[in-house]
Amino acid sequence: MKELQWRDILTRTVLVLVTVTVVVWALPHDSRSYFHVEQGKPWKYGDFTAPFDFPIYKSDEVIREERDSALLQYEPYYKYSKDVEIKMLQKFNKDYADGIPDLPDIYMEIISNRLLAIYQQGIMEQREYAELVRDTTNMLRIVNDKEARSVSILEVYSPKMAYEQLFLDKKLAAQRAILQKCNLNEYITANLSYDRERSETSKNDLLSGIALASGVVQKGQKIAGRGEIVTEKTYRIIESFKRENELRNEDMKNNHLSLFGQILYVTILILCFTIYLSLYRKDYFDKFRSTTMLYALIIIFTLLTSLFMRNTFIHVYILPYAMVPIFIRVFMDSRTAFMTHVTMVLTCAVMLQHPFEFIVTETVAGLVAINSLRELSQRSQLFKTAIFVAIACMLVNVAFDWMNADALTQIDYSYYNYLIANGILLLFAYPLLYLIEKTFGFTSDITLIELSNTNNEVLRRMSEVAPGTFNHSIQVANLAGEIANKIGAKAQLVRTGALYHDIGKLANPIYYTENQSGINPHETLTDIESAQIIISHVTEGMKMADKYNLPKVISDFIATHHGQGKAKYFYVNYKNEHPDEPVDDLLFTYPGPNPFTREQACLMMADTVEAASRSLPDYTEQSIRELVERLIDGQVAEGYFRECPITFRDIQYAKTVLIEKLKTVYHTRISYPSEKKN
C-alpha cells in the first residue's frame, strides 16, 4: 500500500512539474504589450491607464526633421597641416634649383608665391571635396594650431581645382604650354585632413540638444477607453508606452523575479487542479489517458495563446477555448470540465494586458458549453452549442461596452467579428473528437451510436447466423439501458455493450438454447465439455472484439457480463451425477473479471434476468418479481458487485425496472372474440 501511495504521489508530482515547466516556458518573460492599435480606429481593449510614469516620445519623422534642421548648423572640422605646405615648396625649389627651362628666373618666385597662397587657402582630398561641394552652402572649420576659422566650402580647393587656380595668374597662363611640361600637379597635395574627434563631438553637441520627448504621462493617467477613437496624440502616447516598456524589459533581462513570479503563479493553479482531481476524481489517475488528456489540453491552449499573443494581427478571442470543456464533458464529467477550463483560462489570462474581461468572457463560454452539451450524440447538438457560446460571449462583451461607453456610436462592432469566428472554429470540435478518441483511447457517444447500428458487420452477421442471440442482445440492451437511465449511469454505453456482449456465440451458435430448433448438441457431450463450450463464448468474444477493433470499453462488457460466475446448469448437473467425486470448479467458471463499473453491473443483471425469464412457466407479476429478486439477490450474495461502485439503492432500482419491463414484455394478450355465423 505504501509503495502504491508513493507511486501515486510521484506520478502526480511529475505531471505538475512537466505542466508547469512547459506552461512557464510558453509564457512571455517580459511585460511587453501585445496589442495592435491603429490611428483613427476604436480602441478594442478595456480601459488603459498608465502603469508607470513615462515620456511621450516624438515620432521618428518629427525627430528626423529636427535632426536635419540641427545639422544645417553642423560644420565639420579639418586640420591645417603647415608641414605639407613647407615640404611641397621645398621640393619644388629643389627640383628647379637651376630654374625652369625656357623661362626667366622670375617664374620660380611667381609659382612659389602662387603655391603658398593656395596652400594657405586650403586643399582638401578630391573625394571629400566632391561630397561637400554638392551643397555650396556647406561650411567647415579649419583648425590651425589653437585657432579655428569657419570658411565656406567654396573657399577651399581640391587638388584639381588648386592646379587650375595656378593658371589664373596672367603671367603663368601665358606660359601654360611650357609649365605643363613641369608637372606642377606633383607639388599640389591636400593639406586639410578630417578631424573626426572634433567633428563627431560637434555633431553630438548639436543632436543632444534635440528633445526626444514632448511631454510626460503620469502613473494612473487614463490613456484610452474601450471604444474610444485613437487620435494622433493617443496613438503617440501608446507607442511611447510600448517603447518605454521595451526599454524597461531590456533593463530587466537579468532580473529573475518576474520568472519566479510566473513559476509560483502557474504552480499554484496546476497544484490546485491536481488537488481537486486527487480529492474528487482520483479514479482518473488510475487511467493514464484521462490525466494525460486533461493536462495536455491545458498545455496546448496555453501554447496557442502564447503564439497568438506574439502575433498582434490575430486576436486571442478567435481561439475556441470552449473546446476544452466540450472534450472533457463528452469523455468525462461536467465538474472536471469546468475546473479544467477555469485553470486553463486563468493560466492564459496572465499573458493579456486586460485579463479581467478575458476571464469573464471565457468562463461564461465554458459554462454555456458544458450546460448546452450534456451528451454529444448528434451533430446538430454541437452546432447549437457553438451558437449558444458565440451569443453568450457577445452578450458579455455588450455588457462591458455599455458599462464603459458614453454612447452607442463609441462601440467598436467590428470587435464582435472575432467572437463570431470563435463560434465557427468551435464547430471543428466535432472532427477533433475523433482525433482525441484515437490519441487518448476514449469512446464518445457518437462512436457508440455508430457501433449500435445493426448494419455493422458483426451485428448483421449475428442476426443471420444466430438470430436468437441477436434478439436476446436487443432485449438485454433495452433492459440494461432503462436501468442505466434510472440510476444515472451511461445508458448509451450500456446499450452498445449489450449488443456486443454475446458475439462470441457466433463461433458455435447451435450450442446455445436461443438458437436451437429442436436439436440440442449438448445431449452428445459431457457436462464438462458442454460447460467449456458455453464458457468459451466469452474468450471467443474477446478475440472477435480484437478482430473488429472494438473499443476496450465495449470488450470489457464481453469479459464481465458473466463475471467469475459458473455455468450453473452443467455445474449442478455434474454435481448431481457425481455426488461422491470432488468437483474442479474452474472447469465450470467463467474467466471474468467481475463487473467493475455500474454500466457492467447493469448489463449483468439484465442479461441474467432476461435469459432466465424465458424459462418461466407463466408470466404473472408474482413469478416475475420472485425471479428477479432471486437472481439479483443471488448475484449480490455471490459478490459479483463488490468491485464496482454500485449501491444497494441502485440495485433496488434495477429490480424495479426489470420487473416493470418484463411485465410489459410478457403481458397477457386478450382473446379476440369469434364472429358468430348466422
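Computation of the quantities below employed the complete heavy-atom set of this structure, encompassing side-chain atoms and omitting hydrogens, waters and symmetry-equivalent molecules. Owing to the predicted nature of the structure, the values given are computational and were not obtained by experimental measurement.
Few gaps surround CG on Leu10; more than 12 heavy atoms of other groups in view lie less than 6.0 Å from it.
With salt bridges taken as basic N to acidic carboxylate O contacts below 4.0 Å, one links Asp556 and Lys552. Using a 4.0 Å cut-off between charged side-chain N and carboxylate O, Asp502 and Lys505 make a salt bridge. A salt bridge links Glu660 and Lys663; the closest N-O separation between the charged side-chain nitrogens and carboxylate oxygens is under 4.0 Å. Salt-bridge formation is detected for the pair Glu621/Arg625: a Lys NZ or Arg NE/NH1/NH2 atom is positioned less than 4.0 Å from an Asp or Glu carboxylate oxygen.
Listed by chain and residue number, nothing satisfies the side-chain hydrogen bond (donor to acceptor under 3.5 Å, both in side chains) test with Glu523 (two or more places apart in sequence, or in another chain). The side-chain hydrogen bond (donor to acceptor under 3.5 Å, both in side chains) check on Arg289 picks up nothing, with sequence neighbours excluded.
Tyr276 and Thr336 are linked by a side-chain donor-acceptor pair at a separation below 3.5 angstrom, with hydrogens and angles left out of the test. Defined by atom type and a distance below 3.5 Å, a donor-acceptor pair is missing between the side-chain atoms of His537 and His501. Gln492 and Ser452 are linked by a side-chain donor-acceptor pair at a separation below 3.5 angstrom, with hydrogens and angles left out of the test. Judged by distance alone, the side chains of Glu437 and Thr447 do bring a donor and an acceptor atom under 3.5 Å apart. Residues Tyr571 and Asn576 bring no donor and acceptor atom of their side chains to less than 3.5 Å of each other. The closest side-chain donor-acceptor pair between Ser530 and Asp527, if any, does not fall under 3.5 angstrom. Residues Thr385 and Ser372 bring a donor and an acceptor atom of their side chains to less than 3.5 Å of each other. Judged purely by distance below 3.5 Å, without hydrogens or angles, the side chains of Arg12 and Thr274 never pair a donor atom with an acceptor atom.
Geometrically, Arg335 engages Tyr280 in a cation-pi contact defined by less than 6.0 Å to the ring centre and at most 45° from the axis.
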ring-ring contact (aromatic ring centres under 6.0 Å, His included) between His341 and Tyr321: does it pass, once the steps are laid out?
CA-CA 8 Å; His341 183 64; Tyr321 292 95; 7.5 Å; no

Would you sort out whether Tyr574 and Phe588 count as a ring-ring contact (aromatic ring centres under 6.0 Å, His included), showing the intermediate values?
CA-CA 10 Å; Tyr574 183 86; Phe588 298 90; 5.5 Å; yes

Taking it one step at a time, do His472 and Glu610 satisfy side chain to side chain donor-acceptor pair (under 3.5 Å)?
CA-CA 8 Å; His472 162 70; Glu610 200 283 332; 2.5 Å; yes

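Evaluation of the side-chain hydrogen bond (donor to acceptor under 3.5 Å, both in side chains) test over residues 632-644, restricted to residues two or more places apart or in two chains, returns Lys568-Glu638, Thr608-Gln635, Asp633-Lys655, Glu638-Tyr640.
In this structure, OH in Tyr284 is found 11.0 Å from OG1 in Thr291, a value given to the nearest 0.5 Å.
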